[in-house]
> 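Before we start, here is the structure in question, set down as structure tokens.
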Amino acid sequence: MAEKFDAIVVGAGPSGNTAAYLMAKAGMKVLQLERGEYPGSKNVQGAIMYAEALEAVIPNCRRQAPFERAVLEQRMWLMDERSHVGSHFRGTVDGEQPSRYTVIRANVDKWFSGKVQDAGALLICETTVVDLLKKGDRVVGVRTDRENGEIHADVVVLADGVNSLVATKAGLRPAIRAHDVALAVKEMHFLPKHTIEERFNISGNEGVVIEMFGKITRGMVGTGFLYTNRESISLGIGCMVEDFKAARVSPYQLLEEMKNHPSVKPLIEGSEVKEYSAHLIPEGGYNAIPEIHGEGWVICGDSGGFVNSVHREGSNLAMTTGRLAAETILQLRDEGKDFSARNLRRYRKALEQSFVMKDLKKYRDLPEILHGNRQFLTTYPELLARAAHTMLKVDGVDKLTKEREIRRDFVNKRSRFGLFGDAIKLMRAWR
Ligand SMILES: Cc1cc2nc3c(=O)[nH]c(=O)nc-3n(C[C@H](O)[C@H](O)[C@H](O)COP(=O)(O)OP(=O)(O)OC[C@H]3O[C@@H](n4cnc5c(N)ncnc54)[C@H](O)[C@@H]3O)c2cc1C
């Protein structure tokens, strides 16, 4: 192995693969290090993948990537213990390609990594980066867990995922806090293809996704999900680590409760569970993003906290940050400039101009609003379910009386002042 590379990329998830692919394709000598046995072996995702972000890196990815199903229908469920009130979107626009696909991450990561290697990057798996090599303030390479494992490079791209241990250990960023990170657990439920298609009213490569909020998380800030793959259903739930700690509830307990919810149970009836996984998700939002560039280094993807938890987007932010980091590095190389913090500031600027920072900024207050207002996850789902039940029950009571009963129920639970305050908070969260 050459001792010096143009760039070292730590991690072979979507952000690392994107950065490594683009830099290698443009002729840089790139080394990519992955601690897993193969790319994807350590990775967990729901998973919906966003084709547009991948297509910006690999044109025609829709025809090549191992996608499972194109999302035709999205359901959003606000749940109490026994029911849900939901919204539902199903449809396509003529001539427009689907933008979201369900995927099995291990398959996509392996496929993407093949492209990275074809582009000329050297990938070494089962190798953990344990620290950064520094000359003064400047990062000049990495130290791995292998014998004589010091490797030098002009620039290091940190794409090592949510724990961001390498940057933290090197003092480039503070350690991630329990307040800013969610723990999600997921099971893969296998069913015959035709059973999935009958249950969800789909055919061919069409897919359905269900996002779930409310009492299924017992008042903890979090969500549940159900995604249809070709021959399996991904089912999972996640909440903030701080909340799990305070509530003394195990994630597995929550998942079991969710599986037994009357709205979920029939959808997974008769399935065989073959995989169980757990993973952290950085959900601190804009306010939790650390410094993402410095002397000879940049941070991409989950390692920089780039997840939009409101819209369940992470992989697209990972690929976009990986792409913008690589484009910045390539620009500097082409201009004959070095990878100083001053020059790499362009990466931050490019991100600020992209949807990544704009979206994260838009929801910057939401994590704190949810933390301080659990009624959005407990009281309101219950009130809405009761209101729907009252209105839809045909029992000889006139509709005006029913409406008054529903209004009374809301005011009893939250008071007029509380309802008004909550409306303002929601508007602030969605500004
Ligand atoms: C349960 C769950 C559901 C999700 N659902 C969705 C979804 O539906 N849609 C979506 O877009 N996003 C989703 N996400 C988020 C998404 O998975 C992440 O945002 C995305 O994987 C981030 O990519 P990344 O490349 O930054 O990090 P990762 O995918 O975590 O990749 C980091 C890589 O670095 C390697 N690594 C770590 N440390 C080292 C080291 N020291 N040395 C060498 N290698 C190292 C790891 O093994 C890993 O391969 C979900 C996440 C979870 C946990």
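Atoms within each ligand, like the ligands themselves, are counted from 1 in listed order.
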> Given a heavy-atom cut-off of 4.0 Å, could you list the residues near ligand 1 in chain and number order?
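Within 4.0 Å of ligand 1, protein side: V10, G11, A12, G13, P14, S15, L33, E34, R35, K42, N43, V44, Q45, G46, A47, I48, Y50, R105, T127, T128, V129, A159, D160, G161, V166, A184, Y227, H279, L280, I281, G301, D302, V307, R312, E313, G314, S315, A318.
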> Apply salt bridge (charged side-chain N to carboxylate O under 4.0 Å, His left out) to E272 and list each qualifying residue two or more places apart in sequence or on a separate chain.
none
> Check K115, Q32, E34 against N17 for a side-chain hydrogen bond (donor to acceptor under 3.5 Å, both in side chains) and give me the one that passes.
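By the side-chain hydrogen bond (donor to acceptor under 3.5 Å, both in side chains) criterion, N17 pairs with just one of K115, Q32, E34: Q32.
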> Residues two or more places apart in sequence or in another chain: which of them pass salt bridge (charged side-chain N to carboxylate O under 4.0 Å, His left out) with D6?
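Here no residue qualifies.
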> Taking ring pair (Phe, Tyr, Trp, His ring centres under 6.0 Å) as the cut-off, I'd like each qualifying pair that reaches into residues 212-231, sequence neighbours left out, listed once.
F225-Y227
> Determine whether V298 and I292 satisfy the following criterion, side-chain contact (heavy atoms from CB on, under 4.5 Å), listing intermediate values before the conclusion.
CA-CA 6 Å; V298 288; I292 52 167; over 6 Å; no
> Which word best sums up how the rings of H311 and Y363 line up, parallel for under 30°, tilted for 30 to 60°, or perpendicular for over 60°?
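The rings of H311 and Y363 sit tilted, inter-plane angle from 30° to 60°.
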